[in-house]
Amino acid sequence: MRSYLNKLLNLDPLTADEIKSAVAMIISGNISNEQISAFLFGFSMVNIDEKSILSFIKALKVNAKNFPKFNRSIDVCGTGGDNLNMINV
């Protein structure tokens with residue numbers, strides 16, 4: 001993580017592989033909250049392009065866990081029906 005933080009400190013964008021690796025480290029739980037905060041802050045300060053965002057999303061999806069399916073469930077969080085093409089994050 002230190003090398004990624006150093007790159008971000010110098011405002012150097014990370015490669016897709018570096019983003020994937022950093023997200024995997026964060027999800028593993030082996031990174032301190034301070035390092036996570038520094039990474040997210042540094043990542044937001046670098047000129048983020050579509051490729052960087054897509055790499056971050058793909059890394060999150062690879063490490064995502066499935067929710068169990070329920071037979072009788074409804075959507076109560078307001079993520080549709082208003083025709084505004086928005087999602088809750």
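Predicted model, so just to flag it, every value in this text is computed and none were measured. No hydrogens, no waters, no symmetry mates; every other heavy atom, side chains included, goes into these values. Position 1 is the first residue of the sequence; numbering continues from there.
Closest of all the heavy-atom pairs between M25 and M1 is SD-N, 3.6 Å. The shortest heavy-atom contact between A59 and K20 is CB-CA, 3.8 Å.
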Quick one: do L14 and S52 satisfy side chain to side chain contact (heavy atoms under 4.5 Å, CB included)? Show the steps, please. CA-CA 8 Å; L14 300 178; S52 296; over 6 Å; no

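Side-chain heavy atoms closer than 4.5 Å link hydrophobic residues (I, L, V, M, F, W, Y) into clusters, and following such links, possibly through other members, connects L8 to L40. Hydrophobic clustering (ILVMFWY, side-chain heavy atoms < 4.5 Å, transitive): I36 and I48 are in one cluster. Following chains of ILVMFWY side-chain contacts shorter than 4.5 Å, one can reach F39 starting from I57, so the two form part of one hydrophobic cluster. The hydrophobic cluster containing I53 also contains V23, counting ILVMFWY residues as joined when their side-chain heavy atoms lie under 4.5 angstrom apart, directly or transitively. Each of L9 and F41 belongs to its own hydrophobic cluster when Ile, Leu, Val, Met, Phe, Trp and Tyr are linked at side-chain heavy-atom distances under 4.5 angstrom.
Side-chain rings of F43 and F56 approach one another, their centers coming within less than 6.0 Å.
Atom OG of S32 and atom CD1 of I26 lie 10.0 Å apart (nearest 0.5 Å). In this structure, N33 CG and Q35 CD are separated by 9.5 Å, a value rounded to the nearest 0.5 Å. The structure places NZ of K51 at 8.0 Å from OG1 of T15, a figure rounded to the nearest 0.5 Å.
For N47, the CG atom sits in a loose shell: 12 or fewer heavy atoms of surrounding residues, nucleotides or ligands are nearer than 6.0 Å.
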